[in-house]
Every structure is written in C-alpha cells, then in structure tokens.
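Index from 1, following the sequence.
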Amino acid sequence: INNGFDAIWKGTGNWNTNGNWFFPLPSATKSCQVGLGSGNTNMNVSGTCENATLLNGGTINFLNTTRTISVRGFLDTGESYNFLNSANAKFIMNGNTNQSLAMRTTFPGFLDINNTGAAISNIIDVTDDTSFGRDIRVLNGVLRIGSGTTLTSLGDITVSNGASLVIDPGSTLMMGDGATITINAGGTLNIIGTPSNKAVITSTSTADSYNVIVNGTVSANEYKIENLGSAGFLVNPAATISATDHFQNGQFNYPVDNST
C-alpha cells in the first residue's frame, strides 16, 4: 500500500538513488512524498514529480545549485518544511491540465508557471497562503490566487505574452520591498473583487513598496492597491484597459513612494 503515492522518500542522500525511495523514482507520471521523519534529500540532479507533497519536518537541500523540481499536478508543502541552500533553485509548475499550489513554508528560490494546457485547462490555483523568496515568472497559463489566500513574492513577478495573473475576490498579492510586477505585451492582469471582498495588491509591510508596469491588458474593479513605490502603477500607452473593468470601485492607498 503506498497511500496513493508512487514514490515515498525513506532514505538520506541523493534524489536519484533508487534505494532512497519506496517504489520507483518519481517522474512526470509518478508522484512523490518527501518528509514525515525521513532523512535529508539532496538535489544532486533536477527532479520531476506528477504530484508533490512535502510534509512537515522534511528537508530538501538544493546544494547551492540552480536545480529544479518540476511538478505536473499539485504541489502541497507543509508549514514547517526545511529548504537548504536553495536561493538559486526553482520549482516549475509545468502541467498541461489544471494544477494547484500551496507553498506554506517560504521557498527561498524561484517559481516558474509554465502550464501548456488549453484555455480553461491551464489554471494554477493558489489554494493556501504561499510564499516565494525570489522571482515568479508566469510563462504560460493562468496563475490564480484563490479567495481567502495570499501569495507573497519577495522578488519580481513577470507575466509573459499569452499568460495571466488573476487576483480573485478576497485574495491578496503581497510584494516585497523594491519588487516590480511587469505585465508584458500580450499578458493579462485581472484584479477583480466584489463590494464585500476586494482583490488586493499590497506590500509585505507598511515600510515596503513595489511598482506595477502594464504593457499588456489590465482589468480592475472592486480592488485595493496600496503602498506603491515611486514608479507607481504605470499603464503604458500601448497597453489595454478593459472596457468593462476599468479601475472603477477601487482605491489606491499610499500610492506613491508609500506615502500620501
């Protein structure tokens, strides 16, 4: 019985050592579970899992490399996980159907969203409070912050041509000091809440600020945007503002350089 997981970490040492796993090595078609009293996992190679569950108390050591863990389905991380030597490492969400993401322990490195599914089957839902220490790139697909959740990015966020960043009613995007959200040409930013549940962009503290640059399409309604930096919220001339959700019913708090 494998509790629904194809590969369960049981050893100490290198990711690609068969003897460190119950059942075969994880892959794009085999899920992985790492933690729950097991020894440290060393990322001596980049890894791939169909679904990845990182249980409280587990440890992954990225060995000060740029190695990656790619996930084709869901990524679920406990609140007390240990990521060592991982500031230059990366998680990649690269499925071709809808995915979910919950990184409850701050991952010090990067996140790439690269879902290649067809429209409405290319959504990565943030299902619980999630935090990354470095840049987030939305290369393909839709990164959607679900109601009642907060996505924290201490680095920049870039949304590429054809990709989208969606901030749902009652959800929050929290940016680190000096970070920039950039919506490239062909990319989309949706900040659409309801009268009782605003969609929010803010900073990690009232002393921190960030900037937003839109070269693609932006839709905003029933929103709150606060603590912007000196560049503010810039919608460039070639960008598009939605005819339906065109910054009505919203508010900017401390909009320039985090001051009135």
Side-chain angles (χ1 to χ4, degrees), residues 93-94 96 98-99 101 110-126 132 135-147 149-153 155-176 178-203 209-258:
M93 305 296 288
N94 63 346
N96 55 18
N98 291 335
Q99 301 180 258
L101 168 63
F110 300 88
L111 171 66
D112 275 0
I113 301 296
N114 194 22
N115 187 293
T116 57
I120 77 170
S121 295
N122 63 345
I123 300 169
I124 293 86
D125 277 308
V126 179
F132 284 83
D135 297 350
I136 297 174
R137 299 190 303 171
V138 188
L139 303 171
N140 287 290
V142 178
L143 177 59
R144 182 168 66 188
I145 309 170
S147 179
T149 64
T150 297
L151 172 63
T152 300
S153 177
D156 297 335
I157 295 179
T158 303
V159 180
S160 295
N161 179 26
S164 299
L165 173 61
V166 175
I167 306 169
D168 270 354
S171 68
T172 299
L173 174 59
M174 186 174 291
M175 301 298 296
T180 299
I181 303 168
T182 302
I183 311 302
N184 288 337
T188 300
L189 173 62
N190 288 346
I191 322 164
I192 301 176
T194 67
S196 58
N197 286 291
K198 303 293 187 182
V200 177
I201 305 178
T202 188
S203 60
S209 63
Y210 61 95
N211 299 299
V212 182
I213 301 172
V214 179
N215 297 305
T217 298
V218 59
S219 301
N221 197 346
E222 300 291 358
Y223 60 89
K224 181 169 68 173
I225 298 170
E226 55 190 12
N227 302 334
L228 286 167
S230 57
F233 195 114
L234 175 63
V235 180
N236 280 317
T240 299
I241 299 174
S242 166
T244 304
D245 300 299
H246 44 80
F247 288 96
Q248 70 270 44
N249 305 313
Q251 57 184 308
F252 286 84
N253 296 334
Y254 305 110
V256 178
D257 244 356
N258 195 18

Separation of [Y] [atom2] from [X] [atom1] (nearest 0.5 Å):
X: Phe252; Y: Ile225; atom1: CZ; atom2: CD1; answer: 4.0 Å
X: Leu189; Y: Ile201; atom1: CG; atom2: CD1; answer: 5.5 Å
X: Asn122; Y: Thr116; atom1: CG; atom2: OG1; answer: 9.0 Å
X: Ser121; Y: Asn96; atom1: OG; atom2: CG; answer: 9.0 Å
X: Ile123; Y: Asn98; atom1: CD1; atom2: CG; answer: 5.0 Å
X: Ile183; Y: Thr240; atom1: CD1; atom2: OG1; answer: 13.0 Å

Summary of salt bridge (Lys or Arg N to Asp or Glu O under 4.0 Å) pairs that have at least one residue in residues 187-202, sequence neighbours excluded: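 Of all non-adjacent pairs touching residues 187-202, those that pass salt bridge (Lys or Arg N to Asp or Glu O under 4.0 Å) are Lys198-Glu222.
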I need the full list of salt bridge (Lys or Arg N to Asp or Glu O under 4.0 Å) pairs touching residues 225-250, with sequence neighbours left out, sorted by first then second residue.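 Not a single pair qualifies under salt bridge (Lys or Arg N to Asp or Glu O under 4.0 Å).
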Using residues 137-147 as the side-chain source, report each donor-acceptor pair under 3.5 Å to any protein atom, sequence neighbours left out, with the distance given to one decimal.
unit_1: Arg137; atom_1: NE; unit_2: Asp112; atom_2: OD1; d: 2.9
unit_1: Arg137; atom_1: NH2; unit_2: Asp112; atom_2: OD2; d: 2.6
unit_1: Asn140; atom_1: ND2; unit_2: Asn114; atom_2: OD1; d: 2.6
unit_1: Arg144; atom_1: NE; unit_2: Asp125; atom_2: OD1; d: 2.6
unit_1: Arg144; atom_1: NH2; unit_2: Asp125; atom_2: OD1; d: 3.0
unit_1: Arg144; atom_1: NH2; unit_2: Asp125; atom_2: OD2; d: 3.0
unit_1: Ser147; atom_1: OG; unit_2: Pro169; atom_2: O; d: 3.0

Verify side-chain contact (heavy atoms from CB on, under 4.5 Å) between Leu111 and Met93, making sure each step is shown before the conclusion. CA-CA 8 Å; Leu111 171 66; Met93 305 296 288; 4.0 Å; yes
Pairing residues for [X] by the side-chain hydrogen bond (donor to acceptor under 3.5 Å, both in side chains) criterion, not counting sequence neighbours:
X: Asn236; answer: Asn215
X: Ser171; answer: none
X: Asn249; answer: Asn221

Shortest non-hydrogen contact from [X] toward [Y]:
X: Thr202; Y: Thr172; result: CG2-CG2, 3.8 Å
X: Leu228; Y: Pro255; result: CB-O, 2.7 Å
X: Gln99; Y: Asn94; result: OE1-N, 3.8 Å
X: Gly155; Y: Ala179; result: O-CB, 3.4 Å

Backbone N/O of Gly117 and side chain of Asn115: donor-acceptor pair under 3.5 Å: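 Present.
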Is the closest side-chain heavy-atom distance between Met175 and Ile157 below 4.5 Å?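 Yes. Closest side-chain heavy atoms under 4.5 Å.
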Is Leu151 close to Ile136 at the side-chain level, that is, under 4.5 Å between some pair of heavy atoms?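 In short, these two side chains touch, coming nearer than 4.5 Å.
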Kindly write out the residues that satisfy ring-ring contact (aromatic ring centres under 6.0 Å, His included) with Phe247, not counting sequence neighbours, or none if the list is empty.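 Phe247 satisfies ring-ring contact (aromatic ring centres under 6.0 Å, His included) with Tyr223, Phe233 once adjacent residues are dropped.
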According to side chain to side chain donor-acceptor pair (under 3.5 Å), does anything in residues 160-170 pair up with another residue at least two apart or in another chain? List the pairs.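 Non-adjacent pairs meeting side chain to side chain donor-acceptor pair (under 3.5 Å): zero.
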Just to verify, what does Thr180 make a side chain to side chain contact (heavy atoms under 4.5 Å, CB included) with, not counting sequence neighbours?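 For Thr180, the residues satisfying side chain to side chain contact (heavy atoms under 4.5 Å, CB included) (neighbours in sequence not counted) are Asp156, Thr182, Asn211, Ile213.
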For the side chain to side chain contact (heavy atoms under 4.5 Å, CB included) test, which of Val166, Leu173, Ile167 pairs with Ile191?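 When Val166, Leu173, Ile167 are each tested with Ile191, the side chain to side chain contact (heavy atoms under 4.5 Å, CB included) holds only for Ile167.
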